[in-house]
Amino acid sequence: MNYLLRGIGVVAAVGALSLLAFSVPPGGEARGDGGDDVMPRLTHKAWQQECASCHLAFPPSMLPRASWQKMMSGLDQHFGEDASLDPATEADILKFLEANAADSGDSKMGSRVMRMDKNTAPLRITETRWFVRKHDEVPRATWSRKSIGSPANCAACHREAEQGNYDEDAIRIPK
Ligand code: HEC
Ligand code: HEC
């Protein structure tokens, strides 16, 4: 395991703890209380169990349905990892991701992503045009700092990412 994956492991462990700290009723959904960059807190048992063990549970509204469909049909080769699931769990999670995707419903985040990534289905949030544009002030060298490791390590800079808060006030780029 390289340092990057170990880093993700630590982030995931911290994530698991902060999930425990918030007792949202299972199956329920609570809305974030803030601005555009505070995601509604979504809860879905299998998603939280299976998709937040190696990294944080990335907000479904940051990718279109087509991206989630592609991703969920290739979990055995998931960014170099085998993240495969039994068919029932996979279908259950896909349904949840589709229902909350960037092009489902009316989330502000989703419409911002779709405005720029209409006809694409990237597998990475970090490769959406929305993400690249939003982060264009972060210098290239910063992403590869040991304390960050990868743009996918949202929580390195967004200190409340685990709670769905990506607001500017909660950003601190580590040294
Ligand atoms: C066995 C570990 C593991 C599991 C389980 C896992 N992932 Fe991943 N995932 C990874 C790795 C490793 C990456 C690449 C991270 C990087 O580039 O820093 C990744 C990347 C991603 C990305 C892209 C992040 C970006 O760059 O924008 C998404 C989206 C994603 N995973 C969603 C999921 C979903 C949904 C599930 C549950 C079905 C899941 N992952 C389960 C290991 C895992
Ligand atoms: C290297 C630190 C860093 C990492 C890692 C990072 N971001 Fe950011 N993010 C920033 C900075 C800096 C901004 C710009 C804030 C601004 O608008 O001035 C930003 C902006 C944002 C915004 C808009 C916030 C606002 O108030 O305009 C969102 C949403 C966001 N990031 C999500 C993510 C997600 C999701 C990930 C992981 C897939 C991620 N970020 C990874 C540093 C980071």
Side-chain angles (χ1 to χ4, degrees), residues 8 11-12 14-15 18-19 22 24 27-44 46-48 50-52 54-75 78-79 83 92-145 147-174:
I8 289 175
V11 169
V14 172
S18 53
L19 271 179
F22 285 86
V24 183
E29 178 190 321
R31 291 265 154 200
D33 57 348
D36 300 355
D37 294 300
V38 182
M39 307 293 115
R41 183 165 303 129
L42 300 172
T43 57
H44 181 276
W47 173 61
Q48 286 170 316
E50 308 295 345
C51 304
C54 298
H55 45 64
L56 62 80
F58 296 111
S61 61
M62 290 185 178
L63 285 175
R65 266 177 307 211
S67 295
W68 294 122
Q69 287 158 357
K70 225 194 292 179
M71 185 175 303
M72 294 303 287
S73 64
L75 283 180
H78 180 80
F79 304 96
D92 181 29
I93 293 176
L94 177 59
K95 211 165 89 190
F96 162 78
L97 292 170
E98 286 174 333
N100 294 284
D103 48 348
S104 301
D106 58 358
S107 74
K108 287 214 175 81
M109 178 54 63
S111 60
R112 280 192 275 172
V113 172
M114 293 317 290
R115 215 176 296 142
M116 300 182 73
D117 293 271
K118 208 182 256 146
N119 297 310
T120 61
L123 281 182
R124 284 183 178 273
I125 293 163
T126 52
E127 282 174 0
T128 59
R129 276 174 228 159
W130 164 80
F131 184 94
V132 173
R133 163 92 62 92
K134 218 30 196 174
H135 293 83
D136 61 0
E137 67 186 58
V138 179
R140 190 175 288 237
T142 303
W143 296 116
S144 50
R145 278 182 196 163
S147 51
I148 300 170
S150 153
N153 189 5
C154 320
C157 305
H158 295 277
R159 296 309 169 97
E160 294 175 21
E162 305 284 355
Q163 290 87 54
N165 181 5
Y166 290 89
D167 199 78
E168 257 177 274
D169 299 344
I171 301 176
R172 212 179 73 229
I173 300 179

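Positions are given from 1, in the same order as the sequence printed here.
Rounded to the nearest 0.5 Å, atoms CG (Asn100) and CE (Met39) are 12.0 Å apart. Put simply, CD on Glu160 and CD1 on Ile171 are 11.0 Å apart, with the number rounded to the nearest 0.5 Å. For the atom pair CE (Met62) and CH2 (Trp68), the distance works out to 9.5 Å, reported to the nearest 0.5 Å. Atom CD of Gln163 and atom CZ of Arg41 lie 6.5 Å apart (nearest 0.5 Å). Note that CD of Gln48 and CZ of Phe96 are 7.5 Å apart. Values are rounded to the nearest 0.5 Å. Note that the CD1 atom of Ile125 and the OG atom of Ser61 stand 8.5 Å from one another [nearest 0.5 Å].
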One pair to check against side chain to side chain contact (heavy atoms under 4.5 Å, CB included): Val132 and Glu127. What are the steps and the verdict?
CA-CA 7 Å; Val132 173; Glu127 282 174 0; 5.9 Å; no
Going through the distances and angles, do Ile173 and Ile148 end up as a side chain to side chain contact (heavy atoms under 4.5 Å, CB included)?
CA-CA 9 Å; Ile173 300 179; Ile148 300 170; 4.2 Å; yes
Arg133 vs Arg129, side chain to side chain contact (heavy atoms under 4.5 Å, CB included): CA-CA, chis, key distance, verdict:
CA-CA 6 Å; Arg133 163 92 62 92; Arg129 276 174 228 159; 6.0 Å; no
Can you check side chain to side chain contact (heavy atoms under 4.5 Å, CB included) on Met116 and Thr128, steps first, answer last?
CA-CA 8 Å; Met116 300 182 73; Thr128 59; over 6 Å; no
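Considering only heavy atoms from C-beta on, His158 stays 4.5 Å or farther from Asn165 through its side chain. Contact annotation: the side chain of Leu63 approaches that of Pro122 to within less than 4.5 Å [non-hydrogen atoms, C-beta and beyond]. Residues Arg65 and Ser104 meet the side-chain proximity criterion, which asks for heavy atoms closer than 4.5 Å. Put simply, the side chain of Arg124 does not reach to within 4.5 Å of the side chain of Phe131, judged on heavy atoms.
Atom CG of Asp136 has more than 12 neighbouring heavy atoms from other residues, nucleotides or ligands inside a 6.0 Å radius.
Considering Asn153, Thr126, Val138 as possible partners of Trp143, the one that fulfils the side chain to side chain contact (heavy atoms under 4.5 Å, CB included) test is Val138.
Shortest non-hydrogen contact noted between Ala155 and Ala161 is CA-CB, 4.0 Å. When all heavy atoms of Cys154 and Leu56 are compared, the pair lying nearest together is CB-CD2, 4.1 Å.
By the 30° and 60° cut-offs, the orientation of the rings of His135 relative to Trp130 is perpendicular. Under the 30°/60° scheme for interplanar angles, the aromatic rings of Phe58 and His55 are found to be tilted.
For the pair Arg172 (side chain) and Arg159 (backbone), a donor-acceptor distance under 3.5 Å is absent. Here the side chain of His44 pairs a donor or acceptor atom with the backbone of Trp47 at under 3.5 angstrom.
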